[in-house]
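Take a look at the structure below.
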Number of protein chains: 2
Amino acid sequence: MTTTPPTSGTTRSTASERRTHVLEVATREFATRGYEGGSTERIAAAAGISQPYVFRLFGSKHKLFLAVIEQCLDDTLAMFATAAADLQGEAALQAIGEAYGERILANPMMLQLQLVGYASCDDELVRASMRAGYRRLVEYVERVSGADEETISLFFARGMLLNVATSMRLDRDPVDWGTRLMEGCRPERYSP
Amino acid sequence: MTTTPPTSGTTRSTASERRTHVLEVATREFATRGYEGGSTERIAAAAGISQPYVFRLFGSKHKLFLAVIEQCLDDTLAMFATAAADLQGEAALQAIGEAYGERILANPMMLQLQLVGYASCDDELVRASMRAGYRRLVEYVERVSGADEETISLFFARGMLLNVATSMRLDRDPVDWGTRLMEGCRPERYSP
DNA sequence: CACGCTTGTGATTGACCACTCACAAATATA
DNA sequence: TATATTTGTGAGTGGTCAATCACAAGCGTG
């Protein structure tokens, strides 16, 4: 599975390509193990490079983590934008809600990383990054939906409940109380 | 600050007293550092005992973590019960909501630990513990409030939003978008 | 006092970790 | 081809960590 050709005479990637790949791999690592639990050695191994090179590319474990967090939030915003496309008002809100739900089910890594991000908010830089990303999400949804304060709040509240429910795997491993809890949380119920 | 008398001839505690104290200290440690980041050495030092004794009392770091999680959920349920007292219906729901908000502001440790718990749900035993605790919360609120599915769902969704908002310190360090987001999340708005 | 039970520790171990540095190999450029 | 730049690594450093074990010290009971 290693991409390294056998003997020697390896062809090289640009630093930027490597960074992209390492970010991808690091997302998985931090999402499943948390910040402290994540290992630069494992990240390097999974990315097919040496561990010192991870430090060359990102400076420190902490900076790598910040980059991962930031990218996760950027991706989420991009997903919102794609889902809302040229819609507006309630329709946009509903489209975003549906897309978010699907994404979470399809790619639990992003969700898990988000939770790790909240849990790591004791760190000032992590907190700043999370706040900045969240701000962009809120302002985007406000702008595209034009909905009132309460509807926006409700929208995000439901998203957060969806997050924790998925982290506890209430979807993959359903129980009656969980199903009941998630029933009132469907995107087709955003209108007042 | 150490409780140990200077020379020798120390008076002893019962194992149960120790366990209680260690649980308290470990809650702080895991809440601020996460599971992997939490250190049994620091917990022992903060509790004023030797590190090996932590293992004597709890068997392993993992078991200690589970005990901490479990106690946190138990405390939350107890808090719900106290708040609801002899109330029922909407009144009970509102009382619980208010108490939860106040508790989170007053004691951020519980909140932080909850987030760490969600983030650690990849671990099967942690997940089982979280699910069991959450189930008790949901069923209690359902029983005491008698409210319909959607109201209950909304109640917990708002709680989750309150959680992440507090983790990002939107309360202590307010910004306009955050304030807007939290406005629709007040306990006095639970009725339809 | 002697005996057993509970409470408690010092010393250590092997594994892992983030991070550094000197150096090598590929590639671009002249 | 010679030189400079970028990409990349092997070998190590000091530190921390969870967990173990043999052993000590207080305490209740005969």
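Being a predicted model, the structure only gives us computed values, none of them experimental. First the proteins, then the strands, lettered A, B, ... as listed; each starts at 1.
Legend: side-chain hydrogen bond (donor to acceptor under 3.5 Å, both in side chains) pairs involving residues 37-46 of chain A, not counting sequence neighbours, sorted by first then second residue: A/Glu29-A/Arg42, A/Thr40-A/Gln51.
For the pair A/Gln112 (side chain) and A/Ser167 (backbone), a donor-acceptor distance under 3.5 Å is absent.
For A/Thr179 and A/Asp176, the side-chain atoms include no donor-acceptor pair closer than 3.5 Å.
Around CZ of B/Arg127, the count of heavy atoms belonging to other residues, nucleotides or ligands within 6.0 Å exceeds 12. In A/Arg169, the CZ atom is crowded: over 12 heavy atoms of neighbouring residues, nucleotides or ligands sit closer than 6.0 Å.
In this structure, CZ of B/Arg19 is placed 11 Å from P of C/dG8, rounded to the nearest angstrom. D/dG8 atom P lies 12 Å from atom NE2 of A/His21, rounded to whole Å. Atoms CZ (B/Phe65) and P (D/dA19) sit 14 Å apart, rounded to a whole Å. Taking atom CZ on B/Phe30 and atom P on D/dC17, their separation rounds to 12 Å, with Å as the unit. One interatomic measurement links the two molecules: CD of B/Glu17 to P of C/dT7, which rounds to 10 Å at whole-angstrom precision. Here C/dC19 presents its C1' atom at 12 Å from NZ of A/Lys61, a figure rounded to the nearest Å. Look at CD1 on A/Ile43: it is 8 Å from P on C/dA18, rounded to the nearest Å. As rounded to whole Å, 15 Å separates atom P of D/dA18 from atom CG of B/Leu66.
Scanning residues 50-58 of chain B for heavy-atom distances under 4.0 Å to DNA chain C yields B/Ser50, B/Pro52, B/Tyr53, B/Arg56. Scanning residues 33-41 of chain B for heavy-atom distances under 4.0 Å to DNA chain D yields B/Gly38, B/Ser39, B/Thr40, B/Glu41.
The aromatic rings of B/Phe65 and B/Tyr35 sit tilted relative to each other, their planes meeting at an angle between 30° and 60°. Ring geometry for B/Tyr134 versus B/Tyr118: interplanar angle over 60°, hence perpendicular rather than tilted (30 to 60°). The aromatic rings of A/Phe80 and A/Tyr100 sit perpendicular, their planes meeting at an angle over 60°, well past the 30° parallel limit.
Closest approach to the A/Arg12 side chain among C/dT27, C/dC19, D/dA19 is made by C/dT27 (side chain taken as heavy atoms from C-beta onward).
Residue B/Arg18 places at least one side-chain N or O under 4.0 Å from the OP1 or OP2 atom of C/dG8.
At a threshold of 4.0 angstrom between heavy atoms, the contacts of A/Arg42 are confined to the sugar-phosphate backbone, with no base atom among them.
Residues B/Ala44 and B/Val54 come closest through the heavy atom pair CB-CG2, 3.7 Å.
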